[in-house]
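The residues of the chain are indexed from 1 along the displayed sequence.
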Amino acid sequence: MNDIIKAIEAEQLKAEVPQFNVGDTVRVHAMIKEGNRERIQVFEGTVLKKQGGSTRATFTVRKSSNGIGVEKTWPLHSPHVVKVDVIRRGKVRRAKLNYLRDRVGKAAKVKELVK
């Protein structure tokens, strides 16, 4: 890859990247711009997947809102992602939890990792 592109991407990396894994329940604080105002909106759900590397790394979070599954994908190093809080650790044996999309209610739960 070109050295100029590498230099630009290195500037955009966050200093502190939140540590979470697939299966964890996280609370994502995202900056939302409405007109000329900005506010922080919280999105809480289970991490379905993490993919990519460097500045292109993204993660997908799924939650159930009024019985409807909602998924959002955020870039990990985006300035719009203010912080990511880990609510509970999940015990999973997969890198991508696509099977959770077909499940509803208690069947969509992930076991908690006890250390």
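- Here the straight-line distance linking atom NZ of Lys6 with atom CD of Glu11 works out to 15.0 Å at 0.5 Å rounding.
- Residue-environment remark: CZ (Arg37) stays at or below the threshold of 12 foreign heavy atoms within 6.0 Å.
- Residues Met31 and Val26 fall into different hydrophobic clusters, defined by Ile, Leu, Val, Met, Phe, Trp and Tyr side chains chained together at heavy-atom separations under 4.5 Å.
- Summarising the geometry, atom CD belonging to Gln12 is positioned 10.0 Å from atom OG belonging to Ser78; distances are rounded to the nearest 0.5 Å.
- For Lys96, the NZ atom sits in a packed shell: over 12 heavy atoms of surrounding residues, nucleotides or ligands are nearer than 6.0 Å.
- Using a 4.5 Å cut-off on side-chain heavy atoms (C-beta onward), Trp74 and His80 make no contact.
- Val82 and Leu76 fall into different hydrophobic clusters, where Ile, Leu, Val, Met, Phe, Trp and Tyr are joined by side-chain heavy atoms under 4.5 Å apart, directly or via other members.
- By the 30° and 60° cut-offs, the orientation of the rings of Phe59 relative to Phe20 is perpendicular.
- In this structure, the separation between CD on Glu71 and CG on Leu100 is 9.5 Å, given to the nearest 0.5 Å.
- Here Arg56 contributes atom CZ and His77 contributes atom NE2; the two are 11.5 Å apart, rounded to the nearest 0.5 Å.
- With Lys49 contributing its side chain and Val22 its backbone, the two residues share no donor-acceptor pair below 3.5 Å.
- Remark: Arg103 CZ to Lys109 NZ distance equals 13.5 Å, nearest 0.5 Å.
- You'll find the side chain of Leu48 reaches within 4.5 Å of the side chain of Arg101, heavy atoms only.
- Cluster membership for Val61 and Val17, using ILVMFWY side-chain heavy atoms within less than 4.5 angstrom, is shared.
- Inter-residue side-chain proximity for Val81 and Lys14 is flagged as met; some heavy-atom pair is nearer than 4.5 Å.
- Side-chain heavy atoms closer than 4.5 Å link hydrophobic residues (I, L, V, M, F, W, Y) into clusters, and following such links, possibly through other members, connects Val28 to Val70.
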Hey, can you pull the donor-acceptor pairs under 3.5 Å for the side chains in residues 86-94, sequence neighbours left out?
from, atom 1, to, atom 2, distance (Å)
Arg88, NH2, Val110, O, 3.0
Arg89, NH1, Asp24, OD2, 3.0

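- Residue Ile32 places its CD1 atom among more than 12 non-hydrogen atoms of other residues, nucleotides or ligands, all under 6.0 Å distant.
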